[in-house]
2 protein chains.
Amino acid sequence: MGRGHSAPAKPAEKRKGAAARQHYHHGALKDALVAAAEAILLENGVGGFSLRAAARRAGVSPSAPAHHFGDAAGLLTEVAARGFEELARDLREAEERGGADPAALLRELGRAYVAFALQHPARVRLMFRRDMCDPQAERLKQAADEAYALLENAVRAFCGIAPEEACDPRTMGMILAAWSMVHGFAQLALDGALDVVAGEMGDLDTILSQMLSAMLSALTVPPPSK
Amino acid sequence: MGRGHSAPAKPAEKRKGAAARQHYHHGALKDALVAAAEAILLENGVGGFSLRAAARRAGVSPSAPAHHFGDAAGLLTEVAARGFEELARDLREAEERGGADPAALLRELGRAYVAFALQHPARVRLMFRRDMCDPQAERLKQAADEAYALLENAVRAFCGIAPEEACDPRTMGMILAAWSMVHGFAQLALDGALDVVAGEMGDLDTILSQMLSAMLSALTVPPPSK
DNA sequence: CGTGCATCTTAACACTGTTCAGATTCAATG
DNA sequence: CATTGAATCTGAACAGTGTTAAGATGCACG
């Protein structure tokens, strides 16, 4: 089954048709495998992934991926890295939407982060799976750092600290607090842990907004000496 | 590979030392399997687990676990549930340590939560793996709720809201904020995402303390109307 | 026209989870 | 005490999995 596609209209041209592969060489296997993996993640979740299934979907033998990615973790690392890049794009869009007000910026970034997680559950779960993708890979670290740098800059702006200036411990604590909070909220939402709460009050986005409001309004007041 | 299946010339022997299985019936297989699974998680991480390995470790055939847990997920669900129970115990200890001051209580709970995660990385990772253990299982849900109820009560005390009283949206936001923050911090710490930061400032526990201080001190000031 | 080389296939290996018919033992009943 | 029914565990089998090695294939460049 699945061998039905017959479209030999174009003879010996570069064909990247998904299933129909009458050429021995695929031509763009790397991208095709990534696309296949993403499709599987979307349909069957992160647990339903298998390297062989991805190869099957790309119309290629089970051992073909090894040549391009070495490992199953190699392929998934690439998928995760692209996920972080997409997340970074979303965060940059939110950055523009936020405008000049640091508080509004932070709120938009937080909403964008959570929205991305809810929109791509399996991909986000994969991004934080140490045992599926190799977190040491430079490709992944770089993509992830790019996304998190956006968040850090927003907190720095909120605290009125120049991008180059060193952080005092309290500001550092706030950066981590913001990061942890948004990340934790996204994870809990993905695990369905917030569904109960979501029933009592609106959808997750308004809940998050309320949470961010509570935080930000509290933080605008300087701390009581310490 | 190497494990030679030396045919047991003598059927009923007490060759095995501690877990001597001279009987056909194991007697306490359920607990033995849980212990084996926990040992594997400890040694090889959550990715290195396999049902067959757990059975092997308990000195039992690969199909024996099915009778007690049905599934691999069944066994892991039991492990996760026990993990939540142990977490709840730790949280209760922290509760006593916190004393009467609501802020101190929250801080101790947060530290205990993160400390537990860092002390049992694989177990905690398992607890939030939807695809490994069945999150619908009553056993698990109950154990998890028990732990989270402690956190909720602490936040309510901090806000001066009686245990039975309904929460206004702002308080609800704070509960979620606290929960998300601690959970997110723990997850990020497990993923090693905080190692860079930990290098610049002390260990993770002091970082967390600073973060909690920043949050709590900010939150003691009432919000600017709104 | 070769020929090198990246690309892909076929075949095999050592695993995995799960199922099912049977062997074994326990416990309770007659 | 003996018998029997239920609980427990074994052994073999099946369908998949990731990974590797050795061999086919076709593109690009001399």
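Values below: all heavy atoms of this structure, side chains included; hydrogens, waters and symmetry mates excluded. The model shown is predicted, which means the values in this text are computed figures rather than measured ones. In what follows, chains carry the letters A, B, and so on, assigned in the order in which the sequence lines appear, proteins first and then strands, with residues in each chain numbered from 1.
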When rounded to whole Å, the CG to C1' distance for the pair B/Asp134 and C/dG17 reads 17 Å
Separation between CZ (B/Arg92) and CG (B/Leu109), nearest 0.5 Å, reads 11.0 Å
Quiz item: Just checking A/Ala64: base, sugar-phosphate only, or nothing, at a heavy-atom cut-off of under 4.0 Å?
Solution: base
message = Please report whether the ring centroid of B/His183 lies less than 6.0 Å from that of B/Phe128.
response = yes
Sorted by number, residues from residues 35-50 of chain A placing a heavy atom under 4.0 Å from DNA chain D are A/Ser50
Of B/Pro62 and A/Ser61, the one whose nearest nucleotide on DNA chain C sits closer to the 5' end is A/Ser61
Taken to the nearest whole Å, CE/A/Met132 to P/D/dG18 is 10 Å
Check: Judged by atom type as modelled, is there a donor-acceptor pair below 3.5 Å linking the side chain of B/Thr77 to the main-chain atoms of B/Asp134?
Finding: yes
Smallest heavy-atom separation, A/Gly83 atom then A/Phe116 atom, equals O-CZ, 3.6 Å
| Is the phosphate of D/dA7, meaning OP1 or OP2, less than 4.0 Å from a side-chain N or O of B/His68? | no
* Asked: Any donor and acceptor pair, going by atom type alone, linking the side chain of A/Arg130 with main-chain N or O of B/Asp191 inside 3.5 Å?
  -> yes
To the nearest angstrom, the CZ-P distance between B/Phe69 and D/dA7 comes to 17 Å
From the candidates D/dT20, D/dC9, C/dC8, the one with an atom nearest any side-chain atom of A/His67 is C/dC8
Looking only at C/dG17, D/dT10, C/dT10, the nucleotide nearest the A/Ser63 side chain is C/dT10
Any B/Arg56 side-chain nitrogen or oxygen under 4.0 Å from OP1 or OP2 of C/dT16:
yes
Separation of D/dA7 atom P from B/Lys30 atom NZ, nearest Å, is 14 Å
| said: Looking at A/Thr206 and A/Asp203, would you say the former's side chain and the latter's main chain have a donor-acceptor pair under 3.5 Å? | reply: yes
From the list B/Val46, B/Leu41, B/Ile40, side chain to side chain contact (heavy atoms under 4.5 Å, CB included) partner of B/Asn44 resolves to B/Ile40
In whole angstroms, the gap separating P of C/dG17 from CG of B/Asp71 amounts to 10 Å
Closest to the side chain of A/Leu29, out of D/dC9, D/dA12, C/dC8, is C/dC8
The residue, B/Arg52 or B/Ala28, whose nearest nucleotide of DNA chain D is more 5′ is B/Ala28
Between CG of A/Leu33 and P of D/dG18 the distance, given in whole Å, is 12 Å
